[in-house]
Amino acid sequence: MSEIETADRQPKRRENLDFIREIVQRDIESGRYQGRVVTRFPPEPNGYLHIGHAKSIALNFGIAEEFGGVCHLRFDDTNPETEDMEYVEAIMRDVRWLGYDWHDKLFFASDYYEQLYQFAEQLIREGKAYVDSLDEEGIRQYRGTVTEPGRPSPYRDRSVEENLDLFRRMRAGEFPDGAHVLRAKGDLAAPNMKMRDPLLYRIRHTTHYRTGDAWCIYPMYDYAHPVSDAIEGITHSICTLEFENNRAIYDWTLDALYEEPRPHQYEFARLNLDYTVMSKRKLLQLVEEKYVSGWDDPRMPTIAGLRRRGYTPEGIRLFCQRIGVDKTNSRVRFEVLEDAIRDDLNTRAPRVMAVLRPLKVTLTNYPPEQVEWLDAPYWPRDIDKAGSRRTPLTRELYIERTDFSLNPPVDWTRLSPGGEVRLRHAYFIRCDEVVTDPISGEIVELRCTYDPDSLGRPASAARKRSTAIQWVSAAHAVPVEVRLYSKLFAVENPDMTEEGKSFKDYLNPHSIEVLPNALVEPALAAAAVGERFQFVRHGYFIVDPDAQPARLVFNRIVELPDAYNARQPSPDLGRKAKAEPTPSSSGEAAVGSLSEERARVRAADSWLAERYAHYTSVLGLSAEQADPLTGSREVAAFFEAALATGATARTVANWVNNEVLRQLKDKGLDGLTFSAADLGELAKLVDSGAVTTAAAKTIYAEMAAGAGAPSEIVRRRGLDQNLNQEELQSIVAQVLAELPEKVAAYRSGKTSLLGMFTGQVMRAAGNKADPKQVQAALKQQLEA
RNA sequence: UGGGGGAUAGUUUAAUCGGCAGAACACCUGACUCUGGAUCAGGCAGUUGGGGUUCGAAUCCCUGUCCCCCAGCCA
């Protein structure tokens, strides 16, 4: 790497990190947690894990692995009404199956109930929580709406003693469900509804699957979660987007109870997959109402379902890697999942022959009693694996019905009347006669002849285009049941229901097709449950647990891409075209919120209104320039103070509007590290041409960082020294010499590289150069 | 309607904090092939609209539009 490129670089960050990993990396570098990385996967044991959870598991466990940390498995079991040990076990099985290990870091929020309780008493003692005796409806009423602030509950000002007494009696079981709740003293006027005195505890006289009847008050998620994180020393608490508003309570709770460095919450977008639903409630409904055979129905997006379907952990992890992590709400196409699974299976599923819809073939010139055991490799040439089995060829065979066509299209490469085709691992055959059922007209048999010289020989030019089709010997074939699965739902987004319909109305009636009379070659007779194969030209299959030794059952995991069928016009099941963007109004009228607000301020403040008029008529500023400058007296005064240095109005206005406003947004005028006079001086330097605008940006950046007055910065960085032509030419030459490939690319037409060259030269020249001159020099040398 | 978040090829996403808009999946073409698979080569295609600052904007400023989340004693 060249000196020029490495100069002025930030410490190198790992490339292509998602935003969460970037935060983790930064925290490691800054030593925020002394280099510790502790994440957690916090399922509630009230349902089975699904592919969406896999994304979260891969994220949390993946980060721990990659950054030398640990990931806890914590059951967030704070609601006794829905939780069950069955789910705990299923979840552990699924996480382990996905290939992740929590070692000894298995936790339950229910183990923290006592600590949680003690912390709650602390909050009460500190006046930060109170017992509210409003009923559910009352609480709702007092909470207000998104547009109206809430009102304080009549019980909000109870004394600490009374609160403590009531809370202890709540624990002691003196009150029925719903009589009281413990609430945080938040802000009832907060625009964030979550902060309007969130509930911390409720009374539930319900047996908990782990703590039994030890408790009759249970903590709420918003309270239990941050405290559990803190108890475990979690550093990065990663959850999905819908908890963004809850982060305020998360921080409120931990600020009250813990000190930095404490856990912090970060949110990412949950996975949405086309043609499936991902809510536990809906999946539970499918199971309970028997739309599927159970949580592990191979059509379910649950981990258990995908496992039974035959998906591999590696494939699922590959999928998670490919979809990335971001905050954008998105829907991932089903093919992306399927493609990841295929990618994984391609190198690990041996190829075998199966005939799903058999059509009888008789080789009329093949000796009736003869059996040839032909060598058939399990792997295609491009996969670096060895191994083969022998497969028997006899006079009577079965081939796939779909591999024969009575009236083939021009690009047909399989069997047709009078045509030839290769039997995979065997001979070429020619179809001489088609036997049909005289009544139904159905094709019942093909009478063919085989070419005894074609075994193991390359195809002749004439036969080159033929596909090698799969087949089985009629005498040796093993009858099996094959279950063909496809999408559970018939529409892309079953959550988006029409008026009066439910997601269940969009179930795909053909999501399972059972073929009871499929045939596989004898090598598969002893296949074990869980073994995966590629049925050549069909797809990947796995032996289902329903299989009996005498009756194998195969599930189709995923089909092979079919370039032939893909080319055929099919009913369009694709996505709707993107909606036309609504035509936008032109930007003439400034009616937006901020601008609107400033107009209101001016209407109420004649001095500001007068300044606005002055700026536009006397100073010659445009309305767009004058507007942001006259939104408050402070900004206008700042602008005029800068102007008093003698700089031009236009320059000062641009600097204030484009640069200073940014600082003002988060720090306010008082937080500024430089004065209006400083900015005026900077503007004058630009006006007079003493420094280039590029240099001015550098100076401004330093001013904003508190490096002092412009003149001082200029002197320190030597930005007033002019670069003479000779020096410029030499820097340009040097930069070009460092980047020979780029120069070649530019010369062969990639002129967009000019910007990159300019940037390099500007950097090398310490921004002392004038970009216009730089570009002139660059063009001259590049085109020389 | 208050608040919080989001918008980059058809889709999912990168872009070293102002300097080459890059990839994967999908699609198309070709090569190869005893799988119409895989692989290889090539191609199509993008910064939410408008304005501004700048030599240069996906990135900074102003201003629109669209989408998601929040008013459970669920998580």
Side-chain angles (χ1 to χ4, degrees), chain A residues 9-10 12-13 15-16 44 46 76 78-79 81-82 136 139-140 143-148 150 177-178 181 190-194 196 199 201-204 220-221 225 241-246 267 269 322-324 326-333 335-336 339 342 346 351 380-383 413 422 424-425 458-459 466-470 534 536-537 560-567 574-575 577-579 581-588 590-592 594-595 624-625 627-628 654 657-659 661-662 693-694 697 742 745 750 752-760 762 770-772 774-775:
Chain A
R9 274 285 194 85
Q10 302 262 328
K12 181 86 176 152
R13 274 210 227 104
E15 269 168 47
N16 285 354
E44 188 193 8
N46 67 345
D76 228 340
T78 55
N79 183 358
E81 294 181 322
T82 56
E136 214 170 328
I139 287 176
R140 198 175 11 253
R143 188 156 32 215
T145 68
V146 286
T147 48
E148 306 155 34
D177 287 7
V181 290
N192 178 357
M193 300 289 296
K194 297 281 183 198
R196 323 247 262 226
L199 273 64
Y201 270 91
R202 77 285 213 188
I203 302 172
R204 273 298 109 84
M220 303 288 290
Y221 165 86
H225 199 83
L241 243 34
E242 65 269 29
F243 291 101
E244 267 174 325
N245 293 329
N246 302 57
E267 310 87 16
R322 285 183 183 172
I323 56 176
D326 198 31
K327 298 190 74 155
T328 309
N329 291 306
S330 56
R331 301 192 63 80
V332 175
R333 295 184 150 219
E335 302 99 282
V336 181
D339 192 73
R342 269 188 223 110
N346 181 35
R351 273 54 168 181
R381 228 179 30 274
D382 51 283
I383 288 170
T413 58
R422 165 148 244 153
R424 190 174 167 85
H425 307 305
S466 157
T467 296
I469 65 170
Q470 70 274 22
Q534 186 194 100
V536 171
R537 303 208 299 131
L560 255 22
D562 188 342
Y564 181 75
N565 278 334
R567 225 180 304 135
R575 296 182 165 215
K578 210 174 194 173
T582 41
S584 63
S585 57
S586 58
E588 8 121 321
V591 289
L594 257 48
S595 178
E624 267 187 343
Q625 286 173 310
D627 172 34
N654 281 341
N657 284 343
N658 289 317
E659 303 292 342
L661 241 40
R662 190 181 349 170
T693 45
K697 292 259 166 114
K742 301 294 185 188
K750 193 167 166 106
S752 60
L753 251 25
L754 187 64
M756 188 272 300
F757 287 128
T758 310
Q760 296 294 339
M762 292 297 290
D770 172 22
K772 280 181 189 152
V774 169
Q775 292 191 339

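Just so it is clear, the values below take in all heavy atoms, side chains as well, and ignore hydrogens, waters and symmetry mates. Keep in mind the model is a prediction, meaning the values are calculated, not measured. Letters go in sequence order (proteins before strands), and every chain restarts at 1.
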Ser752(A) near the nucleic acid: base, sugar-phosphate alone, or nothing, with a heavy-atom cut-off under 4.0 Å?
sugar-phosphate
Nearest-angstrom distance from the residue atom CZ of Arg662(A) to P of rC60(B)
7 Å
Gap between atoms CG and C1', on Leu754(A) and rG56(B) respectively (whole Å)
9 Å
Please state how far atom CZ in Arg381(A) lies from atom C1' in rC32(B), giving the value in whole angstrom units.
8 Å
Per the O4'-C1'-N9-C4 / O4'-C1'-N1-C2 angle with a 90° window around 0, rG72(B) comes out syn
Between rU63(B) and rG22(B), how far apart are the C1' atoms? Round to whole Å, please.
31 Å
So if I take every side-chain heavy atom of Lys327(A) and compare against rU53(B), rU12(B), rG5(B), which nucleotide ends up nearest?
rG5(B)
Base of rU35(B), side chain of Arg351(A) - is there a donor-acceptor contact under 3.5 Å?
yes
N/O donor-acceptor pair under 3.5 Å between Thr145(A) side chain and Thr147(A) backbone
yes
Check whether any side-chain nitrogen or oxygen of Thr693(A) sits under 4.0 Å from OP1 or OP2 of rC55(B), and answer yes or no.
yes
Considering every strand shown, what is the Watson-Crick or G-U wobble mate of rU16(B) when both distances are under 3.5 Å?
none
Determine yes or no for a side-chain-to-main-chain donor-acceptor pair under 3.5 angstrom, with Asp339(A) supplying the side chain and Glu335(A) the backbone.
no
rA7(B) and rU1(B): how far apart are their C1' atoms, nearest whole angstrom?
23 Å
Report yes if at least one side-chain N or O of Thr467(A) is closer than 4.0 Å to OP1 or OP2 of rU35(B); otherwise report no.
no
Give the rounded distance in Å between these two atoms: CG of Asp562(A) and P of rA26(B).
14 Å
To the nearest 0.5 Å, what is the distance between CD1 on Ile203(A) and CG on Asp177(A)?
7.0 Å
Between the side chains of Gln625(A) and Asn657(A), does any donor sit under 3.5 Å from an acceptor?
no
Pairwise 5' ranking along RNA chain B for Pro561(A) and Gly755(A), keeping only the more 5' one:
Gly755(A)
Selected nucleotide, minimal atom distance to Arg424(A) side chain, candidates rU35(B), rC55(B), rG37(B):
rU35(B)
Atom CZ of Phe757(A) to atom P of rC20(B): distance rounded to whole Å?
12 Å
Do Asp382(A) and rG37(B) have a side chain to base donor-acceptor pair shorter than 3.5 Å?
yes
What nucleotide among rG37(B), rG19(B), rA26(B) has an atom nearest to a side-chain atom of Glu335(A)?
rA26(B)
Counting only side-chain heavy atoms from C-beta out, which of rU33(B), rA14(B), rC55(B) sits nearest to Ala694(A)?
rC55(B)
For rU35(B) versus rC17(B), give the span between their P atoms, rounded off to a whole number of Å.
50 Å
Expected output: side-chain Arg351(A) to main-chain Val536(A) donor-acceptor under 3.5 Å
no
How is Pro628(A) classified with respect to the nucleic acid when contacts are heavy atoms under 4.0 Å: base, sugar-phosphate, or nothing?
nothing
Which of these nucleotides, rC25(B), rC55(B), rU35(B), is closest to any side-chain atom of Leu560(A)?
rU35(B)
Between Glu244(A) and Lys327(A), does at least one N-O distance fall below 4.0 Å, as a salt bridge requires?
yes
When rounded to the nearest Å, what value does the distance between P atoms of rA57(B) and rC68(B) take?
33 Å
Going 5' to 3' through nucleotides 68-75 of chain B and flagging B where a protein heavy-atom sits under 4.0 Å of the base, S where only the sugar-phosphate is that close, and - otherwise, we get SBSBSBSB
Side-chain-base donor-acceptor pair under 3.5 Å for Gln775(A) and rC55(B)
yes
From CD of Gln470(A) across to P of rU35(B) the rounded distance in Å is 11 Å
Pairwise C1' distance, rG52(B) and rU13(B) [rounded to whole Å]
30 Å
rG51(B) and rG56(B), which share atom name P, separated by this distance in whole Å
15 Å
Report the nucleotide, chosen from rC20(B), rU11(B), rG6(B), that has the shortest atom-to-atom distance to any side-chain atom of Arg333(A).
rU11(B)
Asn657(A) CG to rU54(B) C1': how many Å, rounded?
15 Å
What integer number of Å spans the P atoms of rC44(B) and rG49(B)?
22 Å
What's the verdict on side-chain contact (heavy atoms from CB on, under 4.5 Å) for Lys697(A) and Glu659(A), showing C-alpha distance, side-chain angles and the deciding distance?
CA-CA 9 Å; Lys697(A) 292 259 166 114; Glu659(A) 303 292 342; 3.8 Å; yes
Any N or O donor-acceptor pair under 3.5 Å from the base of rU35(B) to the side chain of Gln534(A)?
yes
Rounded to whole Å, how long is the line connecting atom CD of Gln625(A) with atom P of rU53(B)?
7 Å
If you apply the rule side-chain contact (heavy atoms from CB on, under 4.5 Å), what do you find for Ile469(A) with Arg537(A), and how did you get there?
CA-CA 8 Å; Ile469(A) 65 170; Arg537(A) 303 208 299 131; 3.3 Å; yes
Side chain of Asn658(A), heavy atoms from C-beta onward: which of rU53(B), rA14(B), rU35(B) has the nearest atom to it?
rU53(B)
Strand partner of rC34(B), provided both Watson-Crick or wobble distances fall under 3.5 Å
none
Nearest to the side chain of Lys742(A) - rC20(B), rC25(B), rU13(B)?
rC20(B)
Hey, what do you get for CZ (Arg196(A)) to CD1 (Ile139(A)), rounding to the nearest 0.5 Å?
14.0 Å
To the side chain of Ala468(A), which of rC20(B), rC62(B), rC34(B) is closest?
rC34(B)
Minimum-distance nucleotide (side-chain atoms of Val332(A) versus rA24(B), rU12(B), rU35(B)):
rU12(B)
Mate of rA26(B) across any strand shown (Watson-Crick or G-U wobble, both atom pairs under 3.5 Å) is none
side-chain hydrogen bond (donor to acceptor under 3.5 Å, both in side chains) for Thr467(A) and Thr413(A)? Distances and angles first, verdict last.
CA-CA 6 Å; Thr467(A) 296; Thr413(A) 58; 2.7 Å; yes
rC60(B) and rA41(B), which share atom name P, separated by this distance in whole Å
37 Å
Is there a donor N/O on one and an acceptor N/O on the other, under 3.5 Å, for the side chain of Thr413(A) and the base of rG36(B)?
yes
If pairing means Watson-Crick or G-U wobble with both distances under 3.5 Å, then the partner of rU65(B) is rA7(B)
Using atom types as modelled and distance alone, determine if a side-chain donor or acceptor of Asn46(A) lies under 3.5 Å from a backbone N or O of Thr82(A).
no
Any side-chain N or O of Arg322(A) less than 4.0 Å from the OP1 or OP2 oxygen of rU13(B)?
no
